[in-house]
Amino acid sequence: LREREASGRRMGVIAGAASRMGGSGGRILIVDDNQRQAERVCAELSIEHRPIVETEPEKALMAARGPVDLIIFNAAAKGFDGLRFAAQIRSDEATRSLPLLAIVDFDERTRLVKALEIGVNDILARPIDPGELSARAKTQIRRKRYTDYLRNNLDHSLELAVTDQLTGLHNRRYMTGQLEALLQRAAQGGEPVAVMAIDIDHFKKINDSFGHDVGDEVLREFAVRLASNVRAIDLPVRHGGEEFVVVMPDTDLEDAHRIAERIRLHVAGSPFRVMGGQELLTVTISIGVASSLPEEARSEPLLKRADEAMYEAKSKGRNRVVA
Ligand code: GH3
Ligand code: MG
Ligand code: MG
Ligand code: MG
């Protein structure tokens with residue numbers, strides 16, 4: 001049943017994608033200096049699509065930069081080099097991913113092979129069969145729209161990424177949403193939420209002495225130690241730079257303080273191995289801890305109190321926890 005549900009969801013996604021991708025009619029650019037052939041192809045395709053004809057490759061290259069879903073070109077044109085045209089489409093950033101459908105003569109093996117080497121997506125052998133033309137065009141348009149859809153979707157999810165790329169921890173955006181949800185639950189009579197603000201001590205010195213890459217290594221190693229020293233219900237995040245936050249649901253100040261102290265000791269107590277083991281660095285951190293007040297539903301004041309406690313830890317000499 002679970003498999004069926006998953007496959008149903010997948011189908012739903014694809015069906016949804018198909019509807020967002022618009023109807024089946026595609027914008028087809030036909031590039032052919034053989035007027036009669038071009039007109040026949042055009043007439044055949046105009047039943048379902050919106051074809052336009054260009055007889056000169058220069059004009060066709062321009063047109064291809066506009067809204068086009070498929071290019072059908074005559075690879076054996078008399079007046080221009082069809083394969084050269086295809087190569088130009090493939091080398092232009094604006095057009096290189098457009099589907100190319102090459103018309104070749106049935107017996108022209110050499111040209112056919114060259115066309116495939118240039119990267120045309122499909123071949124249409126002359127004499128052109130209308131049913132085959134229509135089917136091959138449709139397949140290419142469908143594939144193009146689906147890859148466009150996936151590409152847009154990927155951009156979208158990258159933009160909304162909730163993961164910090166350096167450490168793999170969640171990022172601030174994700175944390176804020178989670179924390180506010182927890183605070184709302186706490187405000188409706190749930191348990192308090194605690195947060196800790198962690199800042200690596202004299203991190204600039206690590207960068208200055210060993211370079212930015214070693215600084216990055218320390219951040220990654222710290223993230224691993226942090227994640228393995230909080231409870232499963234806690235949310236460790238990279239807040240930015242060398243600053244981290246841990247959100248601790250259902251936790252009072254005293255428990256949070258205890259967890260923070262454990263993390264501090266685990267960091268200061270064993271040096272960080274960096275540069276492939278060549279260097280051992282002693283790293284310390286300062287931690288500020290705060291917990292939510294009754295009725296407090298916003299994340300900023302809570303995070304601010306944790307931050308203030310962290311700065312107090314700094315001013316008291318670093319490598320310590322202030323609650
Ligand atoms: P303090 O004990 O007062 O916190 O001193 P600090 O040197 O840690 O604090 P400061 O805020 O002066 O410096 C933090 C440094 O962290 C400065 C910045 O260049 C560095 N940094 C921020 N993000 C990254 C990163 O992603 N990678 C590396 N390697 N360094 C980073
Ligand atoms: Mg800092
Ligand atoms: Mg600082
Ligand atoms: Mg610091």
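In each ligand, atom 1 is the first atom listed, and ligand 1 is the first ligand listed.
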If you measure from the Lys or Arg side-chain nitrogens to the Asp or Glu carboxylate oxygens, is any gap between [X] and [Y] under 4.0 Å?
X	Y	result
Arg225	Glu221	yes
Asp69	Arg145	yes
Glu261	Arg264	yes
Glu44	Arg40	no

- Message: Which residue is it: Arg143, Arg142, Arg136? I am looking for the one with a side-chain hydrogen bond (donor to acceptor under 3.5 Å, both in side chains) to Gln140.
- Response: Arg143
Counting each atom of ligand 1 from 1 as listed, which ones have a heavy atom of [X] under 4.0 Å away?
X	result
Gly241	22 (C), 23 (N)
Arg318	1 (P), 2 (O), 3 (O)
Asn207	19 (O), 20 (C), 28 (C), 29 (N), 30 (N), 31 (C)

- Message: Within 2.8 Å of the Mg ion (ligand 4), is there any N, O or S atom belonging to Glu243?
- Response: no
- Can a cation-pi geometry be assigned to Arg238 and Phe222, taking NZ or CZ under 6.0 Å from the six-membered ring centre and within 45° of the ring axis? no
- Item | Common cluster, Leu101/Ile89, ILVMFWY with side-chain heavy-atom separation under 4.5 Å | no
- Message: If you consider just the N/O/S atoms, which atom of Asp199 is the closest one to the Mg ion (ligand 4)?
- Response: OD1
Any N/O of [X] closer than 3.5 Å to an N/O of ligand 1?
X	value
Leu219	no
Lys204	yes
Gly215	no

- Message: Using a 4.0 Å heavy-atom cut-off, which part of Gln165 comes near ligand 1: side chain, backbone, both, or neither?
- Response: neither
- Query: For ligand 1, is any non-hydrogen atom under 4.0 Å from Asp216's backbone (N, CA, C, O), its side chain (CB onward), both, or neither?
  - Reply: both
- Note on the structure: Between Ile200 atom O and Glu242 atom OE1, the angle centred on the Mg ion (ligand 4) rounds (to 10°) to 100°
- Task: Decide whether the shortest distance between a heavy atom of Arg238 and an atom of ligand 1 is less than 4.0 Å.
- Result: yes
- Flag if over 12 foreign heavy atoms under 6.0 Å of CZ, Arg231: yes
